[in-house]
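Input: a single structure, listed below in C-alpha cells.
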Amino acid sequence: MSKQTLSFQAEVAQLLHLVTHSLYSNKEIFLRELVSNASDACDKLRFEALDAPALLADDPTLEIRVSFDAVAKTLTIADNGIGLSQQEAIDNLGTIAKSGTRDFVSKLSGDQKQDAQLIGQFGVGFYSGFIVADKITVESRRAGLPANEGVRWVSAGTGDFEVEAITREKRGTSVTLHLRDDALDYASAWKLKGIINKYSDHISLPIRMEAEEWKDGELIDPNDEKGGRQPGAMVKTGEWETINQATALWARPKKDITDEQYVEFYKTISHDFDAPLTWTHNRVEGSTEYTQLLYLPAKAPQDLWNRDKKAGIKLYVKRVFIMDDAEALLPSYLRFVKGVVDSADLPLNVSRELLQESRDVKAIREGNTRRVLSMLEDLAKADRLPEAPKDGAADAVTDVISEEDKAKVGQYGKFYAEFGAVLKEGLGEDFGNRERLARLLRFASTTSDAVSVSLADYKGRMKDGQDAIYYITADTLAAASNSPQLEVFKKKGIEVLLMTDRVDEWALNFLHDFDGTPLQSVAKGAVDLGKLQDESEKKAAEEAAEAFKPVLAKLKEALKDKAEDVRVTSRLVDSPACLVVQDAGMSMQLARMLKQAGQAAPEVKPVLEVNADHPLVKKLDGSVHFHDLAHILFDQALLAEGGLPDDPAAYVKRVNALLA
Ligand code: ADP
C-alpha cells in the first residue's frame with residue numbers, strides 16, 4: 001500500500017471540529033480515552049489468543065506504555081494489544097461506526113457548553129486526542145500479520161488523514177500526539193502520573209512509564225569540583241515502572257475503592273462524561289459465582305429508543321474480557337444499565353449463542369435484574385424521605401435519615417425522567433418482576449402535574465367507595481388533563497392518573513391490577529362509578545337515558561359509519577359528547593400512533609357518548625339540522641381527544657353553516 005490521503009466521513013469531520021472547540025475545558029480526559037482504547041485492544045488480543053495462543057507468544061505480557069519527549073513536544077500511548085491492519089486503520093479511525101452518529105451530529109447546536117454535554121454522552125474516544133494535539137500519528141500492526149504489513153496513519157484532525165504501509169517489528173499500536181503549544185504541560189511525568197492515577201488506576205493492565213531520576217548539571221569548570229554547575233534536570237533511567245494498581249477494579253474489596261474511583265471506572269466503560277447516578281457492587285456466591293458492578297447513568301444516551309441498542313454490560317470470565325454488550329445478562333428494559341459482570345464459572349470460550357442457553361447466565365441475568373430493581377427501590381424510597389412529615393415536624397424526621405440516604409433524595413425523580421418510559425417496557429417483558437416494577441412506576445395525575453404519583457400513593461388517596469384506579473392516556477399532558485372523559489371524576493374529586501408516554505398504552509395492557517385494585521381506563525367501556533354515585537344520581541341518569549332513547553336511535557342511524565354505538569353517559573359534565581372504545585378494544589390514541597408509525601392498526605370504531613343534559617344535545621330533538629349536528633358532535637368529540645375528523649373540510653362547512 002503506497003501512501004494515500006483519504007477524507008474523514010463527514011460526521012467525523014464535524015465531530016472533530018467540535019472536539020477541539022468544545023472540550024478544552026476538560027482537556028485531560030483525552031488520556032483516559034486513549035488508555036481505555038489501549039486497554040480494550042489488549043483485552044481483545046487476550047480473547048483471540050484463547051483460540052490462537054501463538055498471537056501472544058513472542059510478547060506475552062500485555063501492557064500499556066506512556067512516554068513523552070519534551071523537546072519533540074510529543075506524547076505517546078503504546079500498547080501491545082490486537083493492533084490494526086491497514087484496512088482497519090482506515091475504517092476505524094476515519095469513520096464512526098456507532099449507530100445514531102448522523103442523528104447525534106444533527107442535534108449539535110453550535111452552543112459550546114451544550115454541545116460539550118452532548119459529546120460527553122456520545123463519547124469521542126480516539127478523536128479526543130485532538131483536544132491537545134494538532135497532529136496525531138498512529139503506528140500499528142495487527143497481531144498475527146507479518147512485520148511489513150504495519151500501517152502509519154497521520155492526521156491533523158481537519159478534513160483528511162494519510163495512511164501508508166510501514167514495517168513494524170512489534171504487534172500493537174502506538175498513538176503519538178504532537179502537542180499543541182497550549183498543551184505542552186502534558187509532556188511531564190508528574191502531570192501524566194497524576195492524570196493516570198485519577199482516571200485509569202483501575203485498568204487491569206499495567207500502565208508503565210519510564211522512571212526518571214535527578215541528575216545534576218555538568219560542572220562549568222571541569223577542574224573545579226566545588227565550582228558552579230549547569231542547571232540539573234530529571235533524566236530518564238531506561239527502567240519502566242508500573243504506575244497504576246493494575247488490578248481490575250471490580251475484583252478489589254469494596255472498602256478499598258473510593259467513590260471517585262467508582263465514578264472514573266464508570267466513565268471509562270461507558271464513555272459517558274457525566275458521573276453515574278448510583279451503582280451497586282457485589283460478589284455473588286451460590287449456584288453460580290460472579291461479581292457484578294452495575295451503574296445507573298444520570299442521563300439517557302442518544303440511542304436509548306433503539307430497541308436493537310446494545311446492552312451496556314461487559315462480560316469477563318475470571319478477569320479475562322470476553323465481550324462487550326452482553327445482552328443476555330440483562331433484560332432489554334434495563335438496557336440503560338452499564339457495568340461489568342465477571343463470572344467464575346462460565347467457560348472462556350463462551351459465545352453469544354452459548355450465552356443464550358447457559359443456566360449460569362440465566363442465574364446471573366436474574367441476579368442482575370434483582371439488583372438493579374433494588375437499587376431503584378432504594379432511590380425511590382429515599383426520594384420520599386423529606387416529604388414524609390407534612391405537619392411541620394420536618395426536623396425530627398430528617399434527623400434520623402442517614403447521610404447516605406440524604407444524598408439519594410431527589411435521585412429517583414431524575415432517574416425516572418430519563419428512563420421511566422423504558423422501565424415500563426418491563427411490565428410486558430418480565431412477568432416475574434411485574435409487582436416490583438408496578439411499585440416503581442410514577443405518573444402525573446389530576447392532582448399532581450409532576451410525574452411523581454405512585455400507584456401506592458394513589459391507592460392511599462382513593463375515595464370511600466372507589467374500587468378502581470382510574471387513568472387516561474393521551475399524547476400530551478394538556479390533552480390528558482383537559483379531556484372531557486375526566487369531567488365527572490373532577491366534579492367528584494376523584495384522582496385520575498394522566499399517562500403521556502408512548503409506551504403507556506401498551507404497557508398498561510399487562511397491568512390489570514395493582515395490589516388487588518383493578519386499573520381502569522376512563523376512555524374505555526361504559527363508565528361505572530359504582531358506589532361513587534348515589535342512588536338519586538343513578539336514578540336520574542336512568543330516567544334521562546330512557547327519555548333520550550328516540551333521539552339515540554336517530555343518532556345511531558346518522559353516525560352508523562363512524563360510531564360503533566351511541567349511548568347516554570354520566571361521565572360528562574360540561575362537554576356535550578366524548579368518544580370511548582369498548583372495554584377490550586385498542587384505544588384511539590394507540591391506533592393513531594400505530595398508523596403514524598406505518599403499522600397495521602385495526603380500524604377502531606369508537607362509541608359516542610352524549611351528555612343528555614347539555615344544551616347542544618337537547619337541541620337535537622326535532623332539529624332541522626339534526627344530521628349536521630350529529631356529525632359535528634362526533635367530530636368535536638374526536639378533536640377533543642386529539643384526533644382529526646376524517647373530512648375536516650366537511651366539518652368546517654357544517655359548523656359555518658350553523659354559525660351563519
Ligand atoms: P470506540 O472505542 O468507542 O469504538 P474510538 O474512536 O475510541 O471509538 O476508536 C475507534 C476504533 O479504533 C476502536 O473501536 C478500535 O477498533 C480502534 N482503535 C482505537 N484505538 C486502538 C488501539 N490502541 N488498538 C487497536 N485498535 C484501536
Spell out, as yes or no, whether a donor-acceptor pair under 3.5 Å connects the side chain of Asp457 to the backbone of Ser454. yes
Under 6.0 Å between the ring centres of Phe514 and Tyr458? no
Contact check, side chains of Thr291 and Val341, non-hydrogen atoms, under 4.5 Å: no
Non-hydrogen side-chain atoms of Asp513 and Ile469 separated by less than 4.5 Å: no
Evaluate salt bridge (Lys or Arg N to Asp or Glu O under 4.0 Å) for Lys299 paired with Asp274, printing each intermediate quantity in order. CA-CA 8 Å; Lys299 280 252 174 330; Asp274 289 323; 5.5 Å; no
Derivation and outcome, side-chain hydrogen bond (donor to acceptor under 3.5 Å, both in side chains), residues Thr446 and Glu495: CA-CA 6 Å; Thr446 43; Glu495 186 173 10; 5.5 Å; no
Test salt bridge (Lys or Arg N to Asp or Glu O under 4.0 Å) applied to Lys318 and Glu289, step by step: CA-CA 10 Å; Lys318 300 186 196 79; Glu289 203 176 298; over 6 Å; no
Geometric class of the Phe161/Phe8 ring pair [parallel <30°, tilted 30-60°, perpendicular >60°]: tilted
Under 6.0 Å from the CD atom of Gln356, do we count more than 12 heavy atoms belonging to anything else shown? yes
Considering only heavy atoms from C-beta outward, does the side chain of Leu334 approach that of Leu423 to under 4.5 Å? yes
What pairs with Tyr471 under ring pair (Phe, Tyr, Trp, His ring centres under 6.0 Å), at least two apart in sequence or on another chain? none
Using the benzene-type ring in the case of Trp, are the ring centres of Phe47 and Tyr316 under 6.0 Å apart? no
If you take the centroid of each ring, where Trp contributes its six-membered ring, are Phe126 and Trp153 closer together than 6.0 Å? yes
Measuring only between side-chain heavy atoms, which start at C-beta, is Thr278 closer than 4.5 Å to Gln411? no
Determine whether Gln292 and Arg371 make a side-chain contact, defined as any pair of heavy atoms from C-beta on separated by less than 4.5 Å. yes
Side-chain ion pair, Glu264 and Arg32, N-O less than 4.0 Å: yes
Regarding Tyr266 and Asp272, is there a side-chain donor-to-acceptor distance under 3.5 Å anywhere? yes
Would you say Val175 and Leu75 make side-chain contact, with heavy atoms under 4.5 Å? no
Is Val372 close to Tyr295 at the side-chain level, that is, under 4.5 Å between some pair of heavy atoms? no
Do the charged groups of Asp504 and Lys424 touch, with an N to O distance under 4.0 Å? yes
Please round to the nearest 0.5 Å and tell me the distance separating atom OG of Ser358 and atom CD1 of Ile364. 7.0 Å
Determine whether the aromatic ring centres of Phe415 and Tyr412 lie less than 6.0 Å apart. yes
Is a salt bridge present between Lys459 and Asp515, judged by a nitrogen-to-oxygen distance below 4.0 Å? yes
Hey, what's the ring geometry for Trp506 with Phe510, parallel, tilted or perpendicular (30° and 60° as the breaks)? perpendicular
Is it true that atom CZ of Arg283 has more than 12 heavy atoms of other residues, nucleotides or ligands lying nearer than 6.0 Å? no
Val340 and Ile313, any side-chain heavy atoms less than 4.5 Å apart: no
